[in-house]
Amino acid sequence: MASLGILSKTVLFPYWCTLALRNRLYDKGTFKSESFDIPVISVGNISAGGTGKTPHAEMIVRELKNSYRVAIVSRGYKRKTKGFHLVKLTDDFAACGDEPLQMKRKFPDVIVAVCKDRGMAIRKLTEEYGVNLVVLDDAFQYRKIKPSCSVLLVNFNRTIQNGNLLPIGNLRDLPSQTKRADVVVITKAPDFSIYDGNHDEEKGLEAVAQMEAKWRNDLGLRKDQPVFFSTSVFEQALPVFAGACNKRYMYSKFAVAFTGIADDSLFLSQLGGSHQIDEVMKFSDHRNFSRSDIRRIEAMARRHPEAAVVTTEKDSMRLKTNKYLSNKLKERLFAIPVGAQIITDAKKTEFISLIKNFKQ
């Protein structure tokens, strides 16, 4: 194991040097970062996937959309279109990516745009669409923009300290870059505010304070960097194809599941709380389900004829226009929406107040 560690550090050293130099040049101002007159909130992470970027971006949009003309800007990972693209409700994931499409369907009245050049996107949105607040999804490494508030997400169950950079590990940036975060949110945490089934805010705040001290030490954070904890909130499973849904599967206590996300542990835990899970099939993150994939899913469904077929909300975005799905699968296919919630109620109020008081 020791030799593997030495080998990984040797292989990754040039990449480490490149990241360190890049960040240093931005820190010194040699590489320029663009600022804007409107508030720009960046939501991102250091590890690759599994921190809940989209649910947290949605949470922020939900809290601010009634006070601002909000737009969400994303690069549109794995989209087939080029340049600046305004996401429409009629789009499929190939036009914009699965996460921007999910956010547009969650917030039909909010502008969602995808563009590799996010600075250009912000300028266009402010000048042509009257946007006065932008939420940047997955932008912690996008240093061409200096956000008003940078929100860094860290998975409670996956430390970033002593981890390896991609492709050997799952780190997209150096752990030392936590210093750039204006706000740190430890995501997918247990709900400290719940004790023996009773809501106890005082005990919850005490537990949060204890965990905050631990995470501050682990991440090497400064005293002026606020730390919050969030938990995942799952809603009732919904038909992916409402018009084709066979209602008897809505009440089934049996389920088979398939996922194409970075971390499906909480999803499966949630599903297991309401169903007996007979079989699970896992695919790579952002999987564009092929004919072969769908055949495998169909075969799994046939092995369990009484079970609902359940997937994640993000995966369902890539299934809406999948031409290989049979009608039999469509009638029993469900997705579980997921959101994020700051722990506790008092801390949620503090978090919202903080991101509303932007550093202009």
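Residue indices begin at 1 and follow the sequence shown.
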Between L171 and L166, is the side chain to side chain contact (heavy atoms under 4.5 Å, CB included) condition met? List the steps. CA-CA 6 Å; L171 299 186; L166 292 167; 6.0 Å; no
Begin with the C-alpha distance, continue with both residues' side-chain angles, and end with the deciding distance and a verdict on side chain to side chain contact (heavy atoms under 4.5 Å, CB included) for F36 and I145. CA-CA 9 Å; F36 295 89; I145 291 176; 4.1 Å; yes
Checking R248 against E306 for the salt bridge (Lys or Arg N to Asp or Glu O under 4.0 Å) test, could you report, in this order, the C-alpha distance in whole Å, the side-chain angles of both residues, the deciding distance, and whether it holds? CA-CA 9 Å; R248 77 183 182 95; E306 300 301 318; 3.4 Å; yes
Are R79 and E99 close enough, and set up right, to give a salt bridge (Lys or Arg N to Asp or Glu O under 4.0 Å), and what steps lead you there? CA-CA 10 Å; R79 68 183 174 122; E99 290 160 337; over 6 Å; no
Would D98 and K78 count as a side chain to side chain contact (heavy atoms under 4.5 Å, CB included) here? Give the steps. CA-CA 8 Å; D98 48 14; K78 284 196 172 184; over 6 Å; no
Would T344 and K347 count as a side chain to side chain contact (heavy atoms under 4.5 Å, CB included) if you check the C-alpha gap in whole Å, the side-chain angles of each, and the deciding distance to 0.1 Å? CA-CA 5 Å; T344 59; K347 284 289 187 179; 4.2 Å; yes
Run the ring pair (Phe, Tyr, Trp, His ring centres under 6.0 Å) check on F267 and F234 step by step: do they pass? CA-CA 8 Å; F267 163 79; F234 292 90; 7.0 Å; no
I would like to know whether E331 and K247 meet salt bridge (Lys or Arg N to Asp or Glu O under 4.0 Å); could you show each step before the answer? CA-CA 8 Å; E331 71 178 17; K247 291 186 177 180; over 6 Å; no
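Using a 4.0 Å cut-off between a side-chain N of Lys or Arg and a carboxylate O of Asp or Glu, E279 and R303 qualify as a salt bridge. Comment: D264 engages K282 in a salt bridge, judged by a side-chain N to carboxylate O separation of less than 4.0 angstrom. The pair K320-D315 does not count as a salt bridge, with every side-chain nitrogen at least 4.0 angstrom from each carboxylate oxygen. At a threshold of 4.0 Å, the pair D345-K348 does not count as salt-bridged, since none of the basic side-chain nitrogens sits closer than that to a carboxylate oxygen. Using a cutoff of 4.0 Å between basic side-chain nitrogens and carboxylate oxygens, E34 and R123 are scored as salt-bridged. Ion pairing between a basic and an acidic side chain is recognised when a charged N comes within 4.0 Å of a carboxylate O; D173 and R180 show such pairing. Between R24 and D27 there is no salt bridge, since no side-chain nitrogen of the basic residue lies less than 4.0 Å from a carboxylate oxygen of the acidic one.
Residues E350 and I342 are not in side-chain contact: their nearest non-hydrogen atoms beyond the backbone lie 4.5 Å or more apart. Within the 4.5 Å cutoff, the side chain of R318 has heavy atoms near those of the K314 side chain. I41 places none of its side-chain heavy atoms less than 4.5 Å from the side chain of L136. Two residues are said to be in side-chain contact when any heavy atoms from C-beta on lie closer than 4.5 Å; F140 and S150 meet this criterion. The side-chain heavy atoms of P226 and L354, taken from C-beta on, include a pair separated by under 4.5 Å. Side-chain contact between V183 and Q225: absent, with no pair of heavy atoms (C-beta onward) separated by less than 4.5 Å.
Atom CE of M120 is separated from atom NZ of K144 by 11.5 Å, given to the nearest 0.5 angstrom. Rounding to the nearest 0.5 Å gives a distance of 13.5 Å between CZ of R22 and OG1 of T30. Note: Y26 OH to S33 OG = 6.0 Å, rounded to the nearest 0.5 Å. A distance of 9.5 Å separates CD1 of I294 from OH of Y324, quoted to the nearest 0.5 Å. Annotation: the span from C96 atom SG to K88 atom NZ amounts to 8.5 Å, rounded to 0.5 Å.
In this structure, a donor-acceptor pair under 3.5 Å is absent between the side chains of D263 and N157. Under the 3.5 Å distance criterion, with hydrogens and angles disregarded, a donor-acceptor pair is assigned to the side chains of N45 and R172. A side-chain N or O of E298 and one of S326 form a donor-acceptor pair less than 3.5 Å apart. Side-chain contact check for T187 and H56: no donor-acceptor pair (N or O, by modelled atom type) lies under 3.5 Å. Q141 and Q177 share no donor-acceptor pair across their side chains, judged by distance under 3.5 Å alone.
Remark: the backbone N or O of V40 is paired with a side-chain donor or acceptor of S148 at under 3.5 angstrom.
Cluster membership for V309 and I336, using ILVMFWY side-chain heavy atoms within less than 4.5 angstrom, is not shared. Residues L325 and F93 are members of separate hydrophobic clusters, defined by side-chain heavy-atom contacts under 4.5 angstrom among Ile, Leu, Val, Met, Phe, Trp and Tyr. A chain of hydrophobic side-chain contacts below 4.5 Å, direct or via other Ile, Leu, Val, Met, Phe, Trp or Tyr residues, connects V151 to V70. Linking ILVMFWY residues whenever their side-chain heavy atoms come closer than 4.5 Å, directly or via other members, places F258 and F241 in the same cluster. Side-chain heavy atoms closer than 4.5 Å link hydrophobic residues (I, L, V, M, F, W, Y) into clusters, and following such links, even through other members, never connects I60 to V233.
Ring pair F156/W215 is tilted by interplanar angle, where 30° to 60° counts as tilted.
For Y249 and F334, the ring centers sit 6.0 Å or farther from each other. Taking the six-membered ring for Trp, Y77 and H286 have ring centres closer than 6.0 Å.
Cation-pi geometry between K124 and F84 is met: the NZ or CZ atom falls under 6.0 Å from the ring centre, inside 45° of the normal.
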